[in-house]
2 protein chains.
Amino acid sequence: MNLATETPITAADKTFLELRTAIVEGDVTAGSKLSETELSTKYAVSRAVVREAINRLEACNLIERKPNVGARVVDLNTEGLLELYQVRESLEGMAARLAASNMTDQEVQALQSLLEKHYKTVQSGDNYYQEAGDVDFHYRIIQGSKNSQLITLLVDGIYHLIRMYRVQLGMSGPRVTTAFEEHRNIVNAIANRDPELAEMLMRRHIAYTRKSLQNKLSQEQA
Amino acid sequence: MNLATETPITAADKTFLELRTAIVEGDVTAGSKLSETELSTKYAVSRAVVREAINRLEACNLIERKPNVGARVVDLNTEGLLELYQVRESLEGMAARLAASNMTDQEVQALQSLLEKHYKTVQSGDNYYQEAGDVDFHYRIIQGSKNSQLITLLVDGIYHLIRMYRVQLGMSGPRVTTAFEEHRNIVNAIANRDPELAEMLMRRHIAYTRKSLQNKLSQEQA
DNA sequence: AGACGATATATTGTCGACAATATGCTGATG
DNA sequence: CATCAGCATATTGTCGACAATATATCGTCT
């Protein structure tokens with residue numbers, strides 16, 4: 001018996017994942033068409049598996065499909081990103097609330113030490129780690145909610161979408177300072193097992209980020 | 001030129017929709033297998049379109065798939081439903097908040113008259129309308145948020161899931177009285193353009209429903 | 001010359017067949 | 001009698017081909 005639940009990876013899985021990163025990272029430009037035949041030759045698979053991949057991408061809201069016409073990478077407007085941040089505020093707020101109740105002490109400690117590490121690199125000014133650290137921070141709290149529906153929604157769905165939007169709109173990287181103080185306060189609330197406060201702080205944190213984005217975007221348009 | 005943007009409906013679309021209602025309504029029992037060949041003969045289409053439909057169902061979290069094994073209707077535990085209600089509380093709370101800001105005066109009036117109609121049928125004791133009315137009420141507020149991401153998430157995703165859970169667990173129909181008072185307070189908050197209050201009341205409303213479900217379910221298990 | 005219509009081309013939708021994997025059965029063995 | 005190996009069957013994964021639809025090209029007419 002093999003405990004490592006070896007899940008066989010189908011060709012459709014692989015092409016889906018490759019295509020998704022290609023889209024999310026912006027390697028295929030926004031609004032460009034996804035030709036089935038073209039992709040099937042490019043990835044050396046049949047059209048059937050390409051179609052399956054495209055179907056899944058559509059389910060993720062990463063592309064749009066019109067029957068008998070084809071699939072295009074969603075062309076993103078500023079409004080969509082801001083809408084997404086409202087959804088995120090709501091869901092991650094709930095995640096923080098649940099995390100304050102459901103995280104194990106061990107997980108809380110791990111979160112605290114992550115924060116510690118984060119603090120050091122903020123001062124050193126390593127921008128790359130900053131972004132990775134930010135994602136990791138949010139990711140752990142989401143997991144800490146222990147609500148599988150919530151986790152699936154955020155990790156499999158919204159996060160990829162947000163990432164794509166940000167790349168497309170040239171908004172890569174979080175706020176310059178990543179608002180370390182806010183992170184610390186959230187962690188404290190969770191460590192104190194204070195769900196209401198944790199939710200409120202997380203919502204504020206994301207709302208601030210949203211407003212910061214909004215400013216940047218309206219500035220660029222001017 | 002035809003203004004009615006006639007969207008061609010593919011066979012895959014149809015089978016997807018039929019299958020979804022069949023699953024959501026409980027016509028195919030929980031945990032049962034979805035055989036591709038069987039379904040293709042039943043719906044008189046090729047396996048390819050069945051596969052596409054199944055793919056979409058998987059994206060909706062209505063079924064689970066294991067490679068080389070097949071797809072089964074998700075077998076639902078109580079916990080999953082309660083988790084879903086937490087997500088719903090979060091998202092519909094946000095929807096109510098946004099609706100208080102973004103609904104037109106006309107939409108608010110329509111909502112108020114719906115409430116009126118609702119009130120009459122609560123007293124007459126027409127149980128069917130009560131459920132339909134409840135769904136309609138929530139649906140309008142969601143639409144009123146004007147946040148397309150939020151709308152898609154709730155209408156295309158979570159609502160079908162919740163419906164399926166409820167049917168499977170024998171929890172059809174909302175709370176006996178549908179908590180008319182709560183609905184009224186929510187509408188008032190929206191009409192007064194009070195986002196914070198609208199959100200808070202909607203969250204409470206759903207949290208109550210959730211607890212009511214929890215009681216019912218734990219009672220049954222005893 | 002511009003607009004419209006018919007034809008040609010390309011792309012997507014659908015289908016049936018083959019290959020790969022999992023499941024169930026049969027029978028041999030301890 | 002239980003267990004396990006090997007085979008037979010059934011189901012899913014993948015593929016290439018045909019049909020239906022949309023797009024592009026070209027010619028004609030006003």
Side-chain angles (χ1 to χ4, degrees), chain A residues 1-20 22-23 28-75, chain B residues 1-20 22-23 28-75:
Chain A
M1 172 80 82
N2 191 351
L3 287 183
T5 58
E6 40 174 317
T7 306
I9 295 178
T10 68
D13 279 322
K14 257 176 50 178
T15 46
F16 164 66
L17 292 175
E18 289 188 42
L19 258 176
R20 186 175 67 176
I23 290 173
V28 287
T29 54
S32 66
K33 192 167 187 296
L34 296 180
S35 163
E36 295 182 359
T37 56
E38 192 179 327
L39 291 174
S40 73
T41 59
K42 181 174 178 182
Y43 289 97
V45 288
S46 92
R47 262 186 61 217
V49 328
V50 171
R51 276 179 73 84
E52 178 165 340
I54 286 181
N55 269 321
R56 290 202 224 168
L57 290 171
E58 186 189 18
C60 298
N61 295 108
L62 293 173
I63 66 176
E64 279 175 348
R65 261 179 93 190
K66 269 191 285 191
N68 296 318
V69 175
R72 316 190 79 85
V73 177
V74 287
D75 200 359
Chain B
M1 172 82 82
N2 192 352
L3 286 183
T5 60
E6 39 174 320
T7 307
I9 296 179
T10 67
D13 280 322
K14 258 177 50 181
T15 46
F16 164 67
L17 291 174
E18 289 188 41
L19 259 176
R20 186 176 65 176
I23 290 173
V28 287
T29 54
S32 67
K33 192 168 187 298
L34 296 179
S35 162
E36 295 181 0
T37 57
E38 193 179 326
L39 291 173
S40 73
T41 59
K42 181 174 179 182
Y43 289 96
V45 289
S46 92
R47 262 186 63 219
V49 327
V50 172
R51 277 179 73 84
E52 178 165 340
I54 286 181
N55 270 321
R56 291 202 225 169
L57 290 171
E58 187 190 16
C60 298
N61 294 108
L62 293 173
I63 65 177
E64 278 175 347
R65 261 179 92 189
K66 269 190 286 191
N68 296 317
V69 175
R72 317 190 79 85
V73 178
V74 286
D75 199 0

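What you see is a predicted model; the values in this text were computed from it and never measured. The chains referred to below are lettered A, B, ... by the order of the sequence lines, with proteins before strands, and numbering in each begins at 1.
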- prompt: Going from CG on B:Asn55 to CD1 on B:Ile63, what distance comes out if it is rounded to the nearest 0.5 angstrom?
  reply: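 Taking CG in B:Asn55 and CD1 in B:Ile63, the distance rounds to 8.0 Å.
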
- prompt: Rounded to the nearest 0.5 Å, how far does CZ of B:Arg51 lie from CD of A:Glu52?
  reply: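 Answer rounded to 0.5 Å: 5.0 Å.
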
Minimum-distance nucleotide to [X] side chain [options: [options]]:
| X | options | value |
| --- | --- | --- |
| A:Lys33 | D:dG13, C:dT11, D:dT21 | C:dT11 |
| A:Val45 | D:dG13, D:dC15, C:dT12 | D:dC15 |
| B:Glu36 | D:dT14, C:dG13, D:dT12 | D:dT12 |
| A:Ser46 | C:dT12, C:dG13, D:dT14 | D:dT14 |

Which residue lies more 5' along DNA chain D, comparing A:Pro67 with A:Ala12 via nearest heavy atoms: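 Here A:Ala12 is the residue nearer the 5' end.
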
Find the distance [X]:[atom1] to [N]:[atom2] and express it as a whole number of Å.
| X | N | atom1 | atom2 | value |
| --- | --- | --- | --- | --- |
| A:Asn68 | C:dT12 | CG | P | 10 Å |
| A:Lys14 | D:dG13 | NZ | C1' | 14 Å |
| A:Leu39 | C:dT12 | CG | C1' | 13 Å |

Side-chain donor-acceptor pairs under 3.5 Å in residues 11-20 of chain A, sequence neighbours left out?
residue	atom	partner	partner atom	Å
A:Asp13	OD1	A:Arg56	NH1	2.9
A:Asp13	OD1	A:Arg56	NH2	3.1
A:Asp13	OD2	A:Thr10	N	3.3
A:Asp13	OD2	A:Thr10	OG1	3.0
A:Thr15	OG1	A:Ala11	O	3.0
A:Thr15	OG1	A:Ala12	O	3.0
A:Arg20	NH1	A:His160	NE2	3.1
A:Arg20	NH2	A:His160	NE2	3.4

message: Please check this pair: side chain of A:Arg72 against backbone of A:Gly31, looking for a donor-acceptor N/O pair closer than 3.5 Å.
response: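 Judged by distance alone, yes, a pair lies under 3.5 Å.
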
- request: Determine the contact category for A:Ile9: base if any of its heavy atoms lies under 4.0 Å from a base atom, sugar-phosphate if only primed atoms, P, OP1 or OP2 are that close, otherwise nothing.
  value: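 Touches nothing.
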
- prompt: Does the pair B:Leu34 and B:Leu39 meet the rule for a side-chain contact (heavy atoms from CB on, under 4.5 Å), with working shown?
  reply: CA-CA 7 Å; B:Leu34 296 179; B:Leu39 291 173; 4.0 Å; yes

- prompt: Considering only heavy atoms from C-beta outward, does the side chain of A:Arg65 approach that of A:Leu57 to under 4.5 Å?
  reply: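 No, side chains not in contact.
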
- request: Pull out every residue in residues 47-66 of chain B that has a heavy atom closer than 4.0 Å to any atom of DNA chain D, ordered by number, or say none.
  value: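 B:Arg47, B:Arg51, B:Arg65, in order of number.
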
